[in-house]
Amino acid sequence: VLLREVQALTLHRGQYTTSRRTAAVPQLQCTGGTAGCSRVPEVVQCYNKGWDGYDVQWQCKADLENTYRFGQIEVSCEGYDYPDDPYILRGSCSLLFRLELTEEGERKVKNSGSFGSGYYQSRKDSSDSGAGAIVIIVVLVLAFGVYKLFLSNQQPQQSFDDSDGFTRPSWQSQQAPPPPGFKSSFT
């Protein structure tokens, strides 16, 4: 069949394409989108809307709730004798599509917090929790740095007294030792 002459395709969930040169694939293949792939329609019809000089332009329709719509679509058919053959094997077409939320669907997600498969909401939450974990790690590293800089007990600095050859802490030459946690280098 000449691809340009195909006026409509009817594709079914759970059914596979016919094949001659390649392996059969599912007629409907969801590739993601904001609505996820939990609501793949039972039947999709795609209509030939014209030729752009390179490929057929398709418009695909299905019985979807008002909260869903097709995003990016791609109709793929097996060339009869070779990959770019303008003649295709009858029944070999499949549809790759993204399922997106409509504005109404996005409002429902924001208002209810759980909608459909929860894909949209869980993807948003996981990115927020990942950012939160990074912030916590940065704050902990900064707190540890402040602790090490100002509050950790360090060994007093050693100075050499050439008169008797013994090593003494620098604070022993003073009247009293510095308070705990105070770096002697700040005196």
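These values consider heavy atoms only, across backbone and side chains, with no hydrogens, waters or symmetry-generated copies.
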Test of understanding: clusters of I, L, V, M, F, W, Y form through side-chain heavy atoms closer than 4.5 Å, transitively. Do [X] and [Y] belong to the same one?
{"X": "Val109", "Y": "Leu99", "value": "yes"}
{"X": "Val40", "Y": "Tyr68", "value": "yes"}
{"X": "Tyr147", "Y": "Leu149", "value": "yes"}
{"X": "Val1", "Y": "Leu95", "value": "yes"}
{"X": "Trp51", "Y": "Tyr87", "value": "no"}

Exercise. Checking side-chain contact (heavy atoms from CB on, under 4.5 Å) for the pair Val43/Thr10: CA distance, chi angles, key distance, verdict?
Worked result: CA-CA 7 Å; Val43 178; Thr10 302; 3.8 Å; yes

Exercise. Passes disulfide bond (SG atoms under 2.5 Å apart), Cys93 versus Cys46? Steps please.
Worked result: CA-CA 10 Å; Cys93 295; Cys46 296; over 6 Å; no

Donor-acceptor pair, distance only, cut-off 3.5 Å: does the side chain of [X] make one with the backbone of [Y]?
{"X": "Asn48", "Y": "Val6", "answer": "yes"}
{"X": "Ser92", "Y": "Glu78", "answer": "yes"}
{"X": "Gln15", "Y": "His12", "answer": "no"}
{"X": "Thr18", "Y": "Gly91", "answer": "yes"}
{"X": "Arg98", "Y": "Ile73", "answer": "no"}
{"X": "Thr102", "Y": "Asn66", "answer": "yes"}

Seminar exercise, completed: Closest non-hydrogen contact found for Val44 with Ala62 is CG2-CB, 3.9 Å

Exercise. Which pair of non-hydrogen atoms, one from Leu64 and one from Arg39, has the smallest distance, and what is that distance?
Worked result: CD2-O, 4.3 Å

Exercise. For Thr17, which of Val25, Thr22, Leu11 qualifies under side-chain contact (heavy atoms from CB on, under 4.5 Å)?
Worked result: Val25

Exercise. Salt bridge between Asp81 and Arg20, side-chain N to carboxylate O under 4.0 Å?
Worked result: yes

For this session: Identify whether the distance between the nearest side-chain nitrogen and carboxylate oxygen of Lys108 and Glu106 falls below 4.0 Å.
Result: no

Within the structure provided, determine whether [X] and [Y] are in side-chain contact (heavy-atom separation under 4.5 Å).
{"X": "Pro41", "Y": "Asp63", "result": "no"}
{"X": "Ser94", "Y": "Gln29", "result": "yes"}
{"X": "Cys30", "Y": "Phe97", "result": "yes"}
{"X": "Glu100", "Y": "Phe70", "result": "no"}

Problem set entry | CD/Gln72: more than 12 non-hydrogen atoms of other groups inside 6.0 Å | no

Seminar exercise, completed: Between the NZ atom in Lys49 and the CD atom in Gln7, the distance rounded to the nearest 0.5 Å is 10.0 Å

For this session: Please round to the nearest 0.5 Å and tell me the distance separating atom CG of Leu96 and atom CD of Gln27.
Result: 12.5 Å

For this session: Test Asp55 against Leu3 for side-chain contact (heavy atoms from CB on, under 4.5 Å), laying out the working first.
Result: CA-CA 9 Å; Asp55 206 357; Leu3 179 61; 4.0 Å; yes

For this session: Kindly indicate, with the supporting measurements, whether the criterion side-chain contact (heavy atoms from CB on, under 4.5 Å) is fulfilled by Leu9 and Trp58.
Result: CA-CA 10 Å; Leu9 297 169; Trp58 298 96; 3.8 Å; yes

